[in-house]
Amino acid sequence: SMQVVAYDAGDGAFAARLWWLLKTLGHRDVAVLDGGWARWSVLGLPANPAQPLVSPTHYHGAFDTDRLLDAPAVPRRLAAGDLLIDARAAGRFRGEVEPIDRVAGHVPGASNRPYASNLSEGRFKSAPRLAQEFAALLDGRDPQQVIAMCGSGVTACHHLLAMAHAGLHGARLYTGSWSGWIEDPARPVSRAPRPVPPRSRPPTAAVPTTRRAERRRHWLRTGRGRPT
């Protein structure tokens, strides 16, 4: 099969989505350009402004539907012990902000790892480091017990790519993600409570020390002299 290299002008989320789609279609040789167009440009590598001509052809693919989950399957898999990882930013996961969807929060039982956690200075972290971080999140689970989700099924693919880069293969995608979950108002929604700031205590007034109090403290410490 032809080698495909996907890249984008951002942090790799859209390139990861294409990587996932082609892999799930059965295309074997797919990669993502680490650092994307930004790093390519910084390195001064060649660029061609011409639009390439693409000829249509026939492609024989076999879509692996076992790698995809719908909303009804998610609670069943969670009850069976699977791990659902939400790739959205922490504020959206907790339900503090929601700039896109009409409902804020997350799927009950989900864990949060923002997809940007896979990157360091715009590039993917090393495979050993990603393996270590995801192993802590999996807590003994097999990678095939992992379900990735996000807002609409795009940035979740960043986790799937990061796990594959770390040698952790077999994770699946909840295709509808948060937008699909809230389509049914009967589905439960979790929100993390906002942290309560500690109550401030009024300053304690200074108590003047008398000579008698000093003598009593000295007696309690040393046993010498009689308190008066």
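Because the structure is a prediction, the values reported are computed rather than measured. Index from 1, following the sequence.
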K23 side chain to L18 main-chain N or O, any donor-acceptor pair under 3.5 Å? no
If every non-hydrogen atom of R187 is compared with every non-hydrogen atom of E183, which pair is closest and at what distance? NH1-N, 4.4 Å
Note: T155 and A13 closest approach over all heavy atoms is CG2-CB, 3.9 Å
Does L21 belong to the same Ile/Leu/Val/Met/Phe/Trp/Tyr cluster as M163, with side-chain heavy atoms less than 4.5 Å apart forming each link? no
Nearest 0.5 angstrom please: R172 CZ to D82 CG, how far? 6.0 Å
In the hydrophobic clustering (ILVMFWY, side-chain contacts below 4.5 Å, transitive), which residues join I182, or is it alone? L69, V74, L78, L84, V103, V107, I147, M149, Y174, W178, W181, V189
Give me the atom names and distance for the closest heavy-atom approach of W20 to R67. CZ3-NH2, 3.3 Å
Is it true that R88 and E98 make a salt bridge, defined as a side-chain N closer than 4.0 Å to a carboxylate O? yes
Would you say L68 and L22 are hydrophobically clustered, going by side-chain heavy atoms of ILVMFWY under 4.5 Å? yes
Can D64 and T24 be counted as having a side-chain donor-acceptor contact under 3.5 angstrom? no
Cluster partners of W40, using ILVMFWY side-chain heavy atoms under 4.5 angstrom, listed by chain and number? V5, Y7, L33, W37, L43, L45
L119 and R123, any side-chain heavy atoms less than 4.5 Å apart: no
Might you point out which heavy atoms bring A131 and A166 nearest each other, and give the distance in Å? N-CB, 3.5 Å
Could you report the tightest heavy-atom contact between G151 and D101, atom names first, then the distance? O-OD2, 4.3 Å
Closest non-hydrogen contact found for A71 with P75 is O-CD, 3.0 Å
Approximate separation, where rounding is to 0.5 Å, of L138 CG and L168 CG: 6.5 Å
Are S177 and S152 close enough that some pair of their side-chain heavy atoms sits under 4.5 Å apart? no
In terms of side-chain geometry, is the basic nitrogen of E96 or R191 positioned less than 4.0 Å from the acidic oxygen of its partner? no
For a 4.5 angstrom cut-off between non-hydrogen side-chain atoms, does R17 reach V154? yes
Taking R92 first and then D86, would you say they form a salt bridge - that is, a charged N and a carboxylate O separated by under 4.0 Å? no
Heavy-atom check, side chain of M2 versus side chain of D29, under 4.5 Å: no
For the residue pair P143 and H169, establish whether any side-chain heavy-atom pair is separated by less than 4.5 Å. no
Excluding sequence neighbours, so at least two apart, what forms ring pair (Phe, Tyr, Trp, His ring centres under 6.0 Å) with H159? F134
Looking at CD1 of I85 and OG of S111, how far apart are the two atoms once the value is rounded to the nearest 0.5 Å? 7.0 Å
Hey, are the side chains of W19 and L160 touching, using non-hydrogen atoms and a 4.5 Å cut-off? yes
Please answer: with hydrophobic residues joined when any side-chain heavy atoms are less than 4.5 Å apart, are L161 and F14 in the same cluster? no
Please evaluate residues N112 and R94 with respect to the criterion side chain to side chain donor-acceptor pair (under 3.5 Å), reporting the C-alpha separation (whole Å), side-chain torsions for both, the decisive distance (0.1 Å), and the verdict. CA-CA 9 Å; N112 183 222; R94 291 193 295 263; 5.9 Å; no
Is the backbone N or O of L130 less than 3.5 Å from a side-chain atom of E133, with the two atoms forming a donor-acceptor pair by type? no
Decide if atom CD of Q3 counts as having more than 12 heavy atoms of other residues, nucleotides or ligands within a radius under 6.0 Å. yes
Does a side-chain heavy-atom distance below 4.5 Å link R113 with N118? yes
How long is the span from the CD atom in Q51 to the CG atom in N48, to the nearest 0.5 Å? 10.0 Å
Parallel, tilted or perpendicular: rings of H165 and F124 (30°, 60°): perpendicular
